[in-house]
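Throughout, numbering of the chain's residues begins at 1 and tracks the sequence. Computed over heavy atoms, backbone and side chain alike; hydrogens, waters and symmetry mates excluded.
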Amino acid sequence: MRILVIDDDAMLSHWVAKVLREAEHVVDVAATAGEGHRLALSVDYELALVDLELPDGSGLSVVHDLRRAGKTMPILIMTGRSDDAGIVAGLNAGADDYMIKPVPTDVLRARVRAALRRGGAVKLDEVVIGDLVMDRVHHVVRGSGTTLALSPKEYRLLEYFMLRPEQMVPRTDLLEHVWGMRFDTYTNVVDTTVSRLRQKLSSVVATPRLRTSRGVGYALTVQA
């Protein structure tokens with residue numbers, strides 16, 4: 001999952017990012033409302049963590065603007081304020097939950113898991129493509145009754161494809177959204193992981209198949 005953290009506290013942001021990356025999430029950090037707003041509108045995030053007090057504006061305005069722009073990913077407010085008015089204002093602006101700083105590690109993990117499980121308006125708990133079924137709540141993939149043994153990165157890659165069936169996905173998109181790389185480093189990590197995933201899929205299901213279009217990208221398709 002790709003997560004955006006909007007907080008000007010560098011030490012806190014570093015800690016939050018570290019905890020989330022240990023859970024195999026891709027994490028981007030923004031220190032201002034402006035930067036967070038720009039990233040949230042230009043990148044497909046599954047969740048955002050937003051501080052209420054930012055150096056160039058209010059986190060409430062960021063939440064409100066993202067909802068007005070049609071962004072449906074879960075948004076969690078992080079705040080050092082425990083007054084009810086601030087919390088109510090955040091929820092009214094469109095946030096899904098809130099956490100009072102400092103946030104214990106276990107609480108952060110649990111709140112993020114719960115928010116991702118609930119998802120936004122377009123969240124799917126189960127995705128079915130051909131003979132393949134992905135349970136996004138329990139992170140399990142089955143094909144023809146067989147459970148696939150996938151690494152966290154293989155699971156994330158397959159999830160990205162299954163949410164975009166029949167769509168040709170450029171290599172640069174996979175590098176950014178699955179590996180968190182903003183530019184092509186000419187690494188073969190995408191090709192290697194796609195090849196490994198393709199072998200695992202073909203060993204249990206006839207469809208879907210991972211197809212490669214040289215110079216274009218990859219697609220998960222049930223078409224012959």
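- Residues Ser213 and Met168 have side chains in contact (heavy-atom distance under 4.5 Å, counting atoms from C-beta outward).
- Using a cutoff of 4.0 Å between basic side-chain nitrogens and carboxylate oxygens, Arg156 and Glu24 are not scored as salt-bridged.
- Residues Tyr155 and Val189 share a hydrophobic cluster, clusters being chains of Ile/Leu/Val/Met/Phe/Trp/Tyr side chains in contact below 4.5 Å.
- Met134 and Val204 fall within the same hydrophobic cluster, defined by Ile, Leu, Val, Met, Phe, Trp and Tyr side-chain heavy atoms under 4.5 Å apart, directly or through other members.
- Residues Leu197 and Leu150 form a side-chain contact, since some pair of their non-hydrogen atoms from C-beta on lies under 4.5 Å apart.
- You'll find the side chain of Leu174 reaches within 4.5 Å of the side chain of Val169, heavy atoms only.
- In terms of modelled atom types and a separation under 3.5 Å, the side chain of Arg21 and the main chain of Val27 share a donor-acceptor contact.
- With Ser13 contributing its side chain and Ala10 its backbone, the two residues share no donor-acceptor pair below 3.5 Å.
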Compile the donor-acceptor pairs under 3.5 Å between side chains in residues 60-69 and protein atoms, sequence neighbours left out, one pair per line.
unit_1	atom_1	unit_2	atom_2	d
Ser61	OG	Ser58	O	2.6
Arg67	NE	Gly94	O	2.9
Arg67	NH1	Lys71	O	2.7
Arg67	NH1	Met73	O	2.8
Arg67	NH2	Met73	O	3.1
Arg67	NH2	Gly94	O	3.1
Arg67	NH2	Asp96	OD2	2.8

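- Within the 4.5 Å cutoff, side-chain heavy atoms of Met99 are placed close to those of Leu76.
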Check residues 108-116 and write down every donor-acceptor pair under 3.5 Å in which the side-chain atom is one partner and the other belongs to a residue at least two apart or another chain.
unit_1	atom_1	unit_2	atom_2	d
Arg111	NH1	Asp97	OD1	3.4
Arg111	NH1	Asp97	OD2	3.4
Arg111	NH1	Tyr98	O	2.5

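- Shortest non-hydrogen contact noted between Asp56 and Ala33 is OD1-N, 2.7 Å.
- The shortest heavy-atom contact between Gly130 and Pro208 is CA-CD, 4.4 Å.
- Nearest heavy atom pair, residue Val178 against residue Lys153, reads O-NZ, 3.3 Å.
- Of all heavy-atom pairs between Val205 and Ser144, the closest is CG1-OG, 3.8 Å.
- The distance from the CG atom of Leu201 to the CG atom of Leu132 is 6.0 Å, given to the nearest 0.5 Å.
- For the pair Val103 and Trp15, the tightest heavy-atom approach, listed with the atom from each and the gap, is O-CH2, 3.1 Å.
- Taking the ring axis of Phe161 as reference, the NZ or CZ atom of Arg164 does not stay both within 45° of it and closer than 6.0 Å to the ring centre.
- Using a 4.5 Å cut-off on side-chain heavy atoms (C-beta onward), Glu166 and Val222 make contact.
- Cluster annotation: Val194 is not connected to Val216 through the hydrophobic network of ILVMFWY side chains, with a link wherever side-chain heavy atoms come within less than 4.5 Å.
- The main-chain N or O of Gly217 is never found under 3.5 Å from a side-chain atom of Arg171 such that the two would form a donor-acceptor pair.
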TODO: Apply side chain to side chain contact (heavy atoms under 4.5 Å, CB included) to the pair Glu159 and Met1, showing each step before the final yes or no.
DONE: CA-CA 9 Å; Glu159 180 182 48; Met1 299 288 183; 3.3 Å; yes
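- A side chain to side chain contact (heavy atoms under 4.5 Å, CB included) with Ile6 is found for exactly one of Leu54, Asp51, Leu49, namely Leu54.
- Residues Ile100 and Met78 fail the side-chain proximity criterion, which asks for heavy atoms closer than 4.5 Å.
- Within the 3.5 Å criterion, the main-chain N or O of Val190 finds no donor-acceptor partner in the side chain of Thr193.
- If you chain together hydrophobic residues whose side chains sit under 4.5 Å apart, Leu163 and Val133 never meet in one group.
- A 6.0 Å sphere centred on NZ of Lys101 holds more than 12 heavy atoms belonging to other residues, nucleotides or ligands.
- Side-chain atoms of Asp9 come within 3.5 Å of backbone N or O of Leu12 as a donor-acceptor pair.
- Two residues are said to be in side-chain contact when any heavy atoms from C-beta on lie closer than 4.5 Å; Thr212 and Arg198 meet this criterion.
- Using a 4.5 Å cut-off on side-chain heavy atoms (C-beta onward), Arg38 and Glu35 make contact.
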Open item on the list: Would Thr146 and Arg142 count as a side chain to side chain contact (heavy atoms under 4.5 Å, CB included) here? Give the steps.
Closed with: CA-CA 5 Å; Thr146 301; Arg142 298 182 181 87; over 6 Å; no
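- When all heavy atoms of Tyr45 and Ile3 are compared, the pair lying nearest together is CD2-C, 3.7 Å.
- Between the side chain of Lys200 and the backbone N or O of Ala149 there is at least one donor-acceptor pair closer than 3.5 Å.
- A donor-acceptor contact under 3.5 angstrom links the side chains of Asp191 and Tyr218, judged on distance only.
- Checked against ring-ring contact (aromatic ring centres under 6.0 Å, His included), His14 has no partners two or more places apart in sequence or in another chain.
- Put simply, the side chain of Asp135 never gets that close to the backbone of Val141: no donor and acceptor are under 3.5 Å apart.
- Note on Leu158 and Leu210: same hydrophobic cluster, where clusters join Ile, Leu, Val, Met, Phe, Trp and Tyr whose side-chain heavy atoms are under 4.5 Å apart, directly or indirectly.
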